[in-house]
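Input: a single structure, listed below in structure tokens.
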Amino acid sequence: QVQLVESGGGLVQAGGSLRLSCAASRRTSSRYVMAWFRQAPGKERENVAAIRWIGGSTYYADSMKGRFSITRDNAKNTVYLQMNSLNPEDTAAYYCAVDYSAVITTAVNEYDFWGQGTQVSVSS
């Protein structure tokens, strides 16, 4: 069992920035992917970004490219999501997840463990 704890959400004005953090309680494998998803009210959960722990290759959803950046800190078992140029459409609960696989996937049901989520609200 792995616990994921997100932090860093909050209320920000359009055009502003936030950095989310997700700390994993332990590392059970060297081959895994960590990702950020988000879910707005009435909408399905969608993948925002993902990173392979080994090698650090990344994936971004099209609407996040150039605005969001996912990074990791091996020593802290922590993944970060830097979000810039936020707009009201980015308002959602943001979730961290881990998939014990060597391949990045955007499929929600492929991820093995989830955090409790952190709310991001962007005002216009």
Side-chain angles (χ1 to χ4, degrees):
Q1 190 79 7
V2 174
Q3 290 186 325
L4 303 174
V5 179
E6 302 105 330
S7 61
L11 175 64
V12 64
Q13 288 188 332
S17 299
L18 283 173
R19 188 176 85 151
L20 306 183
S21 300
C22 173
S25 59
R26 64 191 185 99
R27 189 185 310 174
T28 61
S29 169
S30 61
R31 287 178 171 267
Y32 58 98
V33 171
M34 290 193 76
W36 287 95
F37 289 77
R38 70 184 185 184
Q39 188 167 18
K43 294 188 177 181
E44 292 187 353
R45 191 167 296 190
E46 63 174 345
N47 183 253
V48 172
I51 186 166
R52 289 184 63 199
W53 209 256
I54 299 299
S57 56
T58 57
Y59 163 86
Y60 295 95
D62 286 343
S63 61
M64 286 39 148
K65 289 179 180 177
R67 299 191 301 129
F68 291 9
S69 176
I70 187 170
T71 57
R72 74 204 190 292
D73 184 324
N74 288 346
K76 296 181 178 180
N77 286 346
T78 298
V79 64
Y80 303 96
L81 184 69
Q82 178 67 43
M83 305 185 295
N84 299 325
S85 302
L86 287 163
N87 57 65
E89 289 70 38
D90 295 315
T91 295
Y94 283 70
Y95 298 89
C96 174
V98 61
D99 173 24
Y100 288 105
S101 168
V103 179
I104 290 178
T105 177
T106 61
V108 172
N109 59 3
E110 291 292 329
Y111 284 79
D112 301 291
F113 296 100
W114 293 82
Q116 80 288 351
T118 186
Q119 180 66 35
V120 171
S121 299
V122 184
S123 63
S124 58

> Quick one: are I70 and V79 in side-chain contact, heavy atoms under 4.5 Å?
Replying inline: yes
> For the residue pair Y95 and G115, what are the closest heavy atoms and their distance?
Replying inline: CD2-O, 3.7 Å
>> Side chains of V33 and I51, heavy atoms from C-beta outward: is any pair under 4.5 Å?
In response: no
> Is there a side-chain contact between Y94 and L81 (heavy atoms, below 4.5 Å)?
Replying inline: yes
> Would you find a donor on one side and an acceptor on the other, under 3.5 Å apart, between the side chain of R67 and the backbone of S85?
Replying inline: yes
>> Measuring only between side-chain heavy atoms, which start at C-beta, is E110 closer than 4.5 Å to S101?
In response: no
> Is a donor on one side and an acceptor on the other found under 3.5 Å between the side chain of Y111 and the backbone of T105?
Replying inline: yes
>> Rounded at 0.5 Å granularity, tell me how far SG in C22 sits from NZ in K76.
In response: 14.0 Å
>> I want to check something: taking the side chain as every heavy atom from C-beta on, are Y60 and N47 in contact at a cut-off of under 4.5 Å?
In response: no
> Taking R52 as the fixed residue, which of D99, I104, T58 is the one that meets the side chain to side chain contact (heavy atoms under 4.5 Å, CB included) rule?
Replying inline: I104
> What heavy-atom pair brings A92 and A40 nearest, and what distance separates the two atoms?
Replying inline: CB-N, 3.8 Å
> So L18 and V120, side-chain contact (heavy atoms from CB on, under 4.5 Å) or not? Walk me through it.
Replying inline: CA-CA 9 Å; L18 283 173; V120 171; 3.9 Å; yes
> Closest heavy-atom contact between P88 and S123?
Replying inline: CG-C, 4.4 Å
> Hey, any chance V48 and M83 share a hydrophobic cluster, counting ILVMFWY side chains that come within less than 4.5 Å of each other, even indirectly?
Replying inline: yes
> Is the backbone N or O of Q3 less than 3.5 Å from a side-chain atom of S25, with the two atoms forming a donor-acceptor pair by type?
Replying inline: yes
>> Quick one: does any side-chain atom of S57 pair with a main-chain N or O of G55 as donor and acceptor, under 3.5 Å?
In response: no
> With side chains defined as the heavy atoms from C-beta onward, is the minimum distance between W53 and N74 less than 4.5 Å?
Replying inline: yes
> If you measure from CD on Q1 to CG on D112, what distance do you get to the nearest 0.5 Å?
Replying inline: 10.5 Å
> So how far is it from D90 CG to S121 OG, rounded to the nearest 0.5 Å?
Replying inline: 11.0 Å
> Are Y59 and W36 in one and the same hydrophobic cluster, where Ile, Leu, Val, Met, Phe, Trp and Tyr link if side-chain heavy atoms are under 4.5 Å apart?
Replying inline: no
> Just by modelled atom types, is the G9 backbone N or O under 3.5 Å from a matching donor or acceptor in the T118 side chain?
Replying inline: yes
>> Using side-chain heavy atoms (C-beta onward) and a distance below 4.5 Å, is E44 in contact with Q39?
In response: no
> So, S17 versus N84: side-chain donor-acceptor pair below 3.5 Å or not?
Replying inline: yes
> Once the angle between the rings of F113 and Y100 is folded into 0 to 90°, is it parallel (under 30°), tilted (30 to 60°) or perpendicular (over 60°)?
Replying inline: perpendicular
> Side chains of V122 and L11: closer than 4.5 Å at any heavy-atom pair?
Replying inline: no
> Rounded to the nearest 0.5 Å, how far apart are SG of C96 and CE of M34?
Replying inline: 3.5 Å
> Considering residues, nucleotides and ligands other than Q119, do more than 12 of their heavy atoms fall under 6.0 Å from its CD?
Replying inline: yes
> If you draw the axis of the six-membered ring of Y80, does the NZ or CZ of R72 fall within 45° of it and under 6.0 Å from the ring centre?
Replying inline: no
>> Minimum heavy-atom separation for V12 and L86, please, with both atom names.
In response: CG1-CD1, 3.7 Å
>> On a heavy-atom basis, which atom in T106 and which in F37 lie closest, and how many Å separate them?
In response: O-CE2, 3.5 Å
